[in-house]
Amino acid sequence: MAAHTDHWTMRRDLRREIAGTIGLLTDEHDFRAMRRYRTFTFHDHTTYLRQVEDLLKTRALQGTHTSVALFDPQEYADFCEAKGLDPDNPAHRTRFTAELATTGPTLPYEGQPLADLVPALVDEAVRQATWEYAATLLARLGACATCGEDLGRAAFAQASDLVARILDTAPPGNSHLVCSVTGTPETLVAVLHADEAADGTTPLDEAEALEFTTILALGVATRSPGGLVMRTSSFDAPDRVYGWRLRGEGLEPLTAGEVFDAYCTDAESGDLIAPESGVDYCVPPDLTQDGQQGPAQGHHH
């Protein structure tokens, strides 16, 4: 009896060591697309989400780590077609989900309500898709016809230099940067958080920094209309908001009035918005390096 109990205990402990991923159908449209498969036995999306949340809670109580991935029915169908698999097979859905765990957007379940996790997961998917799209466009630029230099790589080096100088010149505290680049078919937007730690350093999320720099690099390489706005916060001073517009291969400072107009105008309706109290709309710090507003490195002729 003791040996049987020991085996059961060891198996229970081993289950805690196994991390899992759940592929989540976040909206009604995707849920309906999966109902065409006989082996997909759920009939109501609301009930499905409630069951998923109960399962996540149970696994968390058992000490099991679970990641949640965005399950796209069309991507799943394409996956099965490419590998010659029957999509109406639960084992193949599991196999697809396992690949999502390494290639797709995922978020860890940490006890948060599913109502909070779903929009965060969708945002993560949009972020990754935006970065992949921008990276693809950069790669397609190819080499310079004059000198043979890789244009995308040169633009990324320029963007990296610009981001580093923006962070170096920022006042102490927490910073929130937004970069937007207008292109076809839509405007690409990236966000970067740079919060000061207790030791005075400013650690960055590597994935977020890569995405932000890639979007900025695309704007630099294609000389597309765009801009970068930064908001800094500290305990002993008003928030400061300032920014730049993309101009050529560098950034051109916005005036305080231009920043004020941008922040106090509704982007969709064009109506005026009351300015926030305790916020200074100001001119950005000088990014000049060796007498140039743009970066010294990068692709130049």
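These numbers come from the heavy atoms of this one structure, side chains and all, not from hydrogens, waters or symmetry mates.
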Tell me whether [X] contacts the main-chain N or O of [Y] through its side chain, where contact means a donor paired with an acceptor under 3.5 Å.
X    : Y    : value
T201 : A197 : no
E208 : H193 : yes
E53  : L114 : yes
D86  : N89  : no
T169 : I166 : yes
T106 : T102 : no

Parallel, tilted or perpendicular: which fits the ring planes of [X] and [Y], with parallel below 30° and perpendicular above 60°?
X    : Y    : answer
Y37  : Y76  : perpendicular
F260 : Y281 : perpendicular
F79  : F96  : tilted
Y48  : F42  : perpendicular

[X]: side-chain contact (heavy atoms from CB on, under 4.5 Å) partners, not counting sequence neighbours:
X    : answer
T46  : D44, R50
P108 : H65, E110
R231 : D239, V241, Y263, E276, V279
A82  : none

Out of curiosity, [X] [atom1] to [Y] [atom2], how far, rounded to the nearest 0.5 Å?
X    : Y    : atom1 : atom2 : value
L121 : D116 : CG    : CG    : 12.5 Å
L117 : L24  : CG    : CG    : 7.5 Å
R93  : L85  : CZ    : CG    : 12.5 Å
L192 : T213 : CG    : OG1   : 7.0 Å
K57  : T66  : NZ    : OG1   : 14.0 Å
L137 : E132 : CG    : CD    : 12.0 Å

Stepwise side chain to side chain contact (heavy atoms under 4.5 Å, CB included) check, K83 with H92: CA-CA 10 Å; K83 295 186 177 296; H92 297 158; over 6 Å; no

Go through N174 and S233 one step at a time and tell me if the side chain to side chain donor-acceptor pair (under 3.5 Å) criterion holds. CA-CA 5 Å; N174 298 334; S233 305; over 6 Å; no

Is there side-chain contact between [X] and [Y], with heavy atoms separated by less than 4.5 Å?
X    : Y    : answer
L49  : H45  : yes
Y242 : T232 : yes
L246 : L216 : yes
P105 : R127 : no
L25  : P73  : yes
S234 : P172 : no
T202 : L167 : no
V178 : L228 : no

Tell me the closest heavy-atom pair linking [X] and [Y], and the distance in Å.
X    : Y    : result
C282 : V259 : O-CG2, 4.1 Å
E75  : D72  : N-OD1, 2.9 Å
W244 : P284 : CZ2-CB, 3.4 Å

(message) Please determine whether side chain to side chain contact (heavy atoms under 4.5 Å, CB included) holds for the pair Y109 and R59, giving the CA-CA distance in whole Å, both sets of side-chain angles, and the decisive distance to 0.1 Å.
(response) CA-CA 10 Å; Y109 176 72; R59 288 174 59 84; over 6 Å; no

Are [X] and [Y] connected, step by step, through hydrophobic side chains (Ile, Leu, Val, Met, Phe, Trp, Tyr) whose heavy atoms are closer than 4.5 Å?
X    : Y    : result
L55  : F71  : yes
V181 : L177 : yes
L70  : V118 : yes
F156 : L151 : no
L204 : V191 : no

Q. Taking only residues two or more places apart in sequence, or in another chain, which ones meet E258 in a salt bridge (Lys or Arg N to Asp or Glu O under 4.0 Å)?
A.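 Listed in chain order: R245.
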
Problem set entry | Option passing side-chain contact (heavy atoms from CB on, under 4.5 Å) with T130 (candidates V189, T214, L188) |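 Running side-chain contact (heavy atoms from CB on, under 4.5 Å) over V189, T214, L188 with T130 returns exactly one hit, L188.
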
Share the residues that join F235 in a hydrophobic cluster, the rule being Ile, Leu, Val, Met, Phe, Trp or Tyr side chains under 4.5 Å apart at the heavy-atom level.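 So far as hydrophobic clustering goes, F235 is joined with none.
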
Practice problem: Given side chain to side chain contact (heavy atoms under 4.5 Å, CB included), test I215 with L218 step by step and report yes or no. | Solution: CA-CA 5 Å; I215 300 300; L218 181 63; 5.6 Å; no

